[in-house]
Amino acid sequence: MEEQEKVTMMPRIGDQAPDFEAITTKGPIKFSEFAKDKWVILFSHPADFTPVCTTEMSGFAEHKPLFDSLNTELIGLSIDSIHAHLAWVNNVKEKTGVYFDFPIIADLDMKVSKLYGMLQPNESETAAVRAVFFIDPAKKIRLIMYYPLNVGRNMDEIIRVLVALQTSDKHGVALPLNWKKGDKVIVPPPKTLEEMQQRLEDDSCERIDFYLCKKEI
Ligand code: BEZ
């Protein structure tokens with residue numbers, strides 16, 4: 001492959017989520033009008049009717065009530081036709097009872113996959129990698145995960161980072177290594193000498209030093 005062809009603009013953390021129109025298993029959508037005032041998890045899988053993808057999609061489907069409670073809509077994608085999507089959704093429902101009750105984008109022309117850097121040609125030229133985009137209600141990209149074709153994602157981690165992002169926004173705090181709901185959070189470090197002195201005299205948080213303080217929320 002030519003070096004020039006390998007270079008694609010990948011969306012980055014902090015970018016506005018690129019807009020697109022697409023056909024999905026729940027009908028046509030315009031992404032900028034999808035799930036207004038909600039968080040969105042946009043995720044790709046390599047192909048319908050494949051084993052790892054079936055376990056992942058089932059995981060998303062089984063956790064949908066939890067994502068609903070976190071004001072978050074799910075939307076999947078693969079480089080497959082709408083007919084393949086419908087047949088796969090129906091097949092998994094028949095075989096396992098799990099119903100993929102969220103839209104799945106049919107991206108046969110690879111338009112959305114390329115727009116979101118989900119097509120990574122040195123991994124596969126025809127299948128999307130396992131990408132997860134966490135998009136906030138202002139349609140800003142807040143966190144991105146990419147997994148290769150042969151390793152499934154971790155649902156606990158997907159939920160953990162979603163809760164972490166929402167907690168950070170709500171309380172204006174940062175979250176330390178391995179943070180999970182209920183753990184202490186990090187108070188943002190001071191930015192001036194005056195704030196540093198105040199922090200050194202502040203006994204309301206657990207202080208290692210002025211730059212590392214934790215508190216309960
Ligand atoms: C799978 O989902 O099992 C899979 C899909 C594409 C390549 C390898 C594995």
Side-chain angles (χ1 to χ4, degrees), residues 1-3 5-12 17-18 20 22-27 29 31 34-35 39-68 70 72-135 141 143-162:
M1 184 182 308
E2 294 295 317
E3 202 56 38
E5 279 179 68
K6 288 187 191 167
V7 180
T8 47
M9 266 308 285
M10 312 270 281
R12 292 166 297 191
F20 59 85
I23 303 298
T24 84
T25 50
K26 298 268 188 177
I29 61 153
F31 193 60
F34 175 72
W39 286 74
V40 174
I41 297 182
L42 167 64
F43 58 98
S44 55
H45 65 273
D48 297 347
F49 292 100
T50 53
V52 178
C53 298
T54 303
T55 64
E56 290 188 313
M57 293 294 274
S58 300
F60 278 110
E62 285 164 348
H63 288 85
K64 186 169 182 301
L66 176 64
F67 288 114
D68 287 342
L70 293 168
T72 301
E73 290 288 333
L74 302 172
I75 180 162
L77 173 151
S78 71
I79 301 169
D80 284 297
S81 69
I82 196 70
H83 311 292
H85 283 345
L86 298 178
W88 186 39
V89 171
N90 194 50
N91 180 258
V92 174
K93 187 174 167 219
E94 276 181 5
K95 299 283 178 195
T96 71
V98 178
Y99 181 52
F100 303 163
D101 192 13
F102 46 79
I104 308 170
I105 296 166
D107 194 37
L108 259 191
D109 62 4
M110 306 182 181
K111 190 179 71 183
V112 183
S113 319
K114 287 181 178 167
L115 192 63
Y116 276 79
M118 294 164 169
L119 193 65
Q120 303 195 2
N122 291 328
E123 176 71 350
S124 169
E125 298 203 18
T126 52
V129 296
R130 301 179 194 281
V132 192
F133 286 83
F134 296 78
I135 299 168
I141 296 172
L143 194 148
I144 304 171
M145 296 172 171
Y146 287 115
Y147 281 57
L149 267 53
N150 56 351
V151 178
R153 288 158 280 202
N154 182 308
M155 189 54 61
D156 290 341
E157 177 63 358
I158 288 168
I159 294 163
R160 186 190 78 89
V161 298
L162 175 64

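The residues of the chain are indexed from 1 along the displayed sequence. Note that ligands are numbered from 1 as they come in the structure, with each ligand's atoms numbered from 1 the same way.
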### Query
Can you say whether the rings of Phe34 and Phe31 are parallel (under 30°), tilted (30 to 60°) or perpendicular (over 60°)?
parallel
#### Entry: Identified ring-ring contact (aromatic ring centres under 6.0 Å, His included) counterpart of Phe43 within the set Tyr146, Tyr116, Phe102, Phe134
Phe102
### Query
Does Ala127 come within less than 4.0 Å of ligand 1, judged by its heavy atoms?
no
### Query
Would Arg130 count as a contact of ligand 1 if the rule is a heavy atom under 4.0 Å away?
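Distance cut 4.0 Å: Arg130 passes for ligand 1.
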### Task
Kindly check if the number of other-residue, nucleotide or ligand heavy atoms within 6.0 Å of NZ (Lys93) is above 12?
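No - once you tally the heavy atoms of other residues, nucleotides and ligands closer than 6.0 Å, there are 12 at most.
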### Message
Do the side chains of Lys64 and Asp68 get close enough for a salt bridge, i.e. N-O under 4.0 angstrom?
### Response
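Result for this pair is yes, salt bridge flagged.
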Identify the protein heavy atom lying closest to [atom], giving its residue, its atom name and the separation to 0.1 Å.
atom                   : result
atom 3 (O) of ligand 1 : Val52 N, 2.7 Å
atom 6 (C) of ligand 1 : Pro46 CB, 3.7 Å
atom 8 (C) of ligand 1 : Leu149 O, 3.8 Å

### Message
Asn150 versus ligand 1: do any nitrogen or oxygen atoms come within less than 3.5 Å of each other?
### Response
no
### Query
Should you measure from each heavy atom of Cys53, which atoms of ligand 1 turn up under 4.0 Å away?
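Result: 1 (C), 2 (O).
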### Task
Examine the side chains of His83 and Asp80 and answer whether a donor and an acceptor come within less than 3.5 Å of each other.
no
#### Entry: pair Ile29-Phe20: side-chain heavy atoms closer than 4.5 Å
yes
